[in-house]
Novice: 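If you scroll down you'll find the structure; I have some questions about it.
Along the sequence shown, residues are numbered consecutively beginning with 1.
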Amino acid sequence: MLIRVLAILFFSGFAAKDVAAAQLPANGRSEDVALGPGDVVRILVWREPDLSGDFIIDELGIVTLPMVGRVDVRDVPVSQVRDKLMTAYVAQLRNPSVTITPLRRVYVLGEVNKPGLYTADPTLSLAGVLALAGGATSTGDVRRIRLVRNGSVVQTRVDPAASLVNVNIRSQDQIFVDRRPWTDRNSALLGSAAISAVTLVLSVLIR
């Protein structure tokens, strides 16, 4: 019974940390984010559904939009892209209103419940992105997050409270959640062994 209680408390501690991290406010503003290849721009033109939608930026940093055509947005902040579109639309639309939301397309892999490709606002925290993937598994360690780009590890031990833009995560990057150390994953077993050892010693001393 004691072992069961200790195990519940142990895993509850990790669950509480995950929830607390996921609720941390995101850093930065979407309009300050610079766009790049592989990103998605979600565009909403007021009262113009044919001009609105999600558009992928190609490998050259070009996005092709209805009515406007090809627009070079590589390394351009969202606020400047919106200004470009407003200039293009004002000649053809009456009082145009444009909203742009940048989105990164990243892979969340490793010890998560739903690994795969996810689209997320770059101001979202890594903990928030992990939540999209169903959170860490019972053996996952949110303190051991690696960032992989083009097959190479570019960052280790990434802070789950940091936003995607603050740690320079790009589209097509891979966010890996590693396993907790063996001692953490087998703490209940180690606790049981310790209790058994103490019980054995005490029984010998009592005799």
Novice: Just how far is it from atom CG of Asp178 to atom CZ of Arg143, taken to the nearest 0.5 Å?
Specialist: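 With rounding to 0.5 Å, CG (Asp178) is 12.0 Å from CZ (Arg143).
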Novice: Please report the closest heavy-atom contact between Val112 and Pro115, naming both atoms and the distance.
Specialist: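 Result for this residue pair: O-CD, 3.6 Å.
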Novice: Atom CZ of residue position Arg144 - does it have more than 12 heavy atoms of other residues, nucleotides or ligands inside 6.0 Å?
Specialist: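 Yes, because the 6.0 Å sphere around CZ of Arg144 holds more than 12 heavy atoms from other groups.
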Novice: Write down the atom of Pro122, the atom of Pro102, and the distance for their closest heavy-atom approach.
Specialist: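 Minimum heavy-atom contact is CD-O, 3.2 Å.
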Novice: What I'd like to find out is whether the side chain of Leu109 reaches to under 4.5 Å of the side chain of Val148, using heavy atoms alone.
Specialist: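 No, their side chains stay 4.5 Å or more apart.
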Novice: Is there a path from Phe55 to Leu44 through hydrophobic residues (I, L, V, M, F, W, Y) whose side chains come within less than 4.5 Å of each other?
Specialist: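 The answer is no; the residues belong to distinct hydrophobic clusters.
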Novice: For Ser171 versus Pro37, what's the shortest heavy-atom pair and its separation?
Specialist: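 Looking at all heavy atoms of both residues, the shortest contact is CB-O, 3.8 Å.
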Novice: Applying side chain to side chain contact (heavy atoms under 4.5 Å, CB included) to Leu124 and Leu132, what does each step give before you reach the verdict?
Specialist: CA-CA 11 Å; Leu124 188 66; Leu132 296 177; 4.3 Å; yes
Novice: Side-chain heavy atoms nearer than 4.5 Å, only ILVMFWY residues, links allowed to pass through others: does that put Leu126 and Val154 together?
Specialist: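 As far as the 4.5 Å side-chain criterion goes, Val154 and Leu126 are connected within one cluster.
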Novice: With clusters defined by side-chain heavy atoms of hydrophobic residues (ILVMFWY) lying less than 4.5 Å apart, directly or transitively, does Ile57 cluster with Val45?
Specialist: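 Yes, it is one cluster - the side chains of Val45 and Ile57 are joined through contacts under 4.5 Å.
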Novice: Is there a donor-acceptor pair closer than 3.5 Å between any side-chain N or O of Arg180 and the backbone N or O of Ser138?
Specialist: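 Looks like yes, one N/O pair under 3.5 Å.
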Novice: Leu65 and Leu51: side chain to side chain contact (heavy atoms under 4.5 Å, CB included), yes or no, with the steps?
Specialist: CA-CA 7 Å; Leu65 304 173; Leu51 303 181; over 6 Å; no
Novice: Looking only at atom types and distance, does a side-chain atom of Gln155 sit under 3.5 Å from a main-chain N or O of Val167, one as donor and one as acceptor?
Specialist: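 Between the backbone of Val167 and the side chain of Gln155 there is a qualifying donor-acceptor contact (under 3.5 Å).
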Novice: Sequence neighbours left out, what pairs pass side chain to side chain donor-acceptor pair (under 3.5 Å) with at least one residue falling in residues 100-122?
Specialist: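 Side chain to side chain donor-acceptor pair (under 3.5 Å) check on residues 100-122 returns Ser30-Asp121, Asp39-Arg104, Glu111-Thr137, Glu111-Thr139, Glu111-Arg179, Asp121-Thr123.
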Novice: Could you check if a side-chain atom of Val158 sits within less than 4.5 angstrom of a side-chain atom of Ile169, using non-hydrogen atoms only?
Specialist: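 Not in contact.
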Novice: With a cut-off of 3.5 Å and sequence neighbours excluded, list every side-chain donor-acceptor pair involving residues 74-97.
Specialist:
{"from": "Arg74", "atom 1": "NH1", "to": "Glu59", "atom 2": "O", "distance (Å)": "3.4"}
{"from": "Lys84", "atom 1": "NZ", "to": "Asp72", "atom 2": "O", "distance (Å)": "3.2"}
{"from": "Thr87", "atom 1": "OG1", "to": "Asp83", "atom 2": "O", "distance (Å)": "3.0"}

Novice: Given the rule that I, L, V, M, F, W and Y join up when any side-chain heavy atoms are under 4.5 Å apart, are Leu147 and Val108 in one cluster?
Specialist: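 Hydrophobic grouping puts Leu147 with Val108.
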Novice: For Arg47, is the CZ atom crowded, meaning more than 12 foreign heavy atoms sit under 6.0 Å from it?
Specialist: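 Open.
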Novice: With a 4.5 Å limit on heavy-atom distance, are the side chains of Ile43 and Val98 in contact?
Specialist: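 Yes - at least one pair of side-chain heavy atoms lies under 4.5 Å apart.
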Novice: Should Val63 and Leu103 be counted in the same cluster of Ile, Leu, Val, Met, Phe, Trp and Tyr side chains packed under 4.5 Å apart?
Specialist: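 Unlinked, Val63 and Leu103 end up in two clusters.
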Novice: Do Pro160 and Ile145 come close enough that some side-chain heavy atom pair is under 4.5 Å?
Specialist: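 Heavy-atom side-chain distance check passes, below 4.5 Å.
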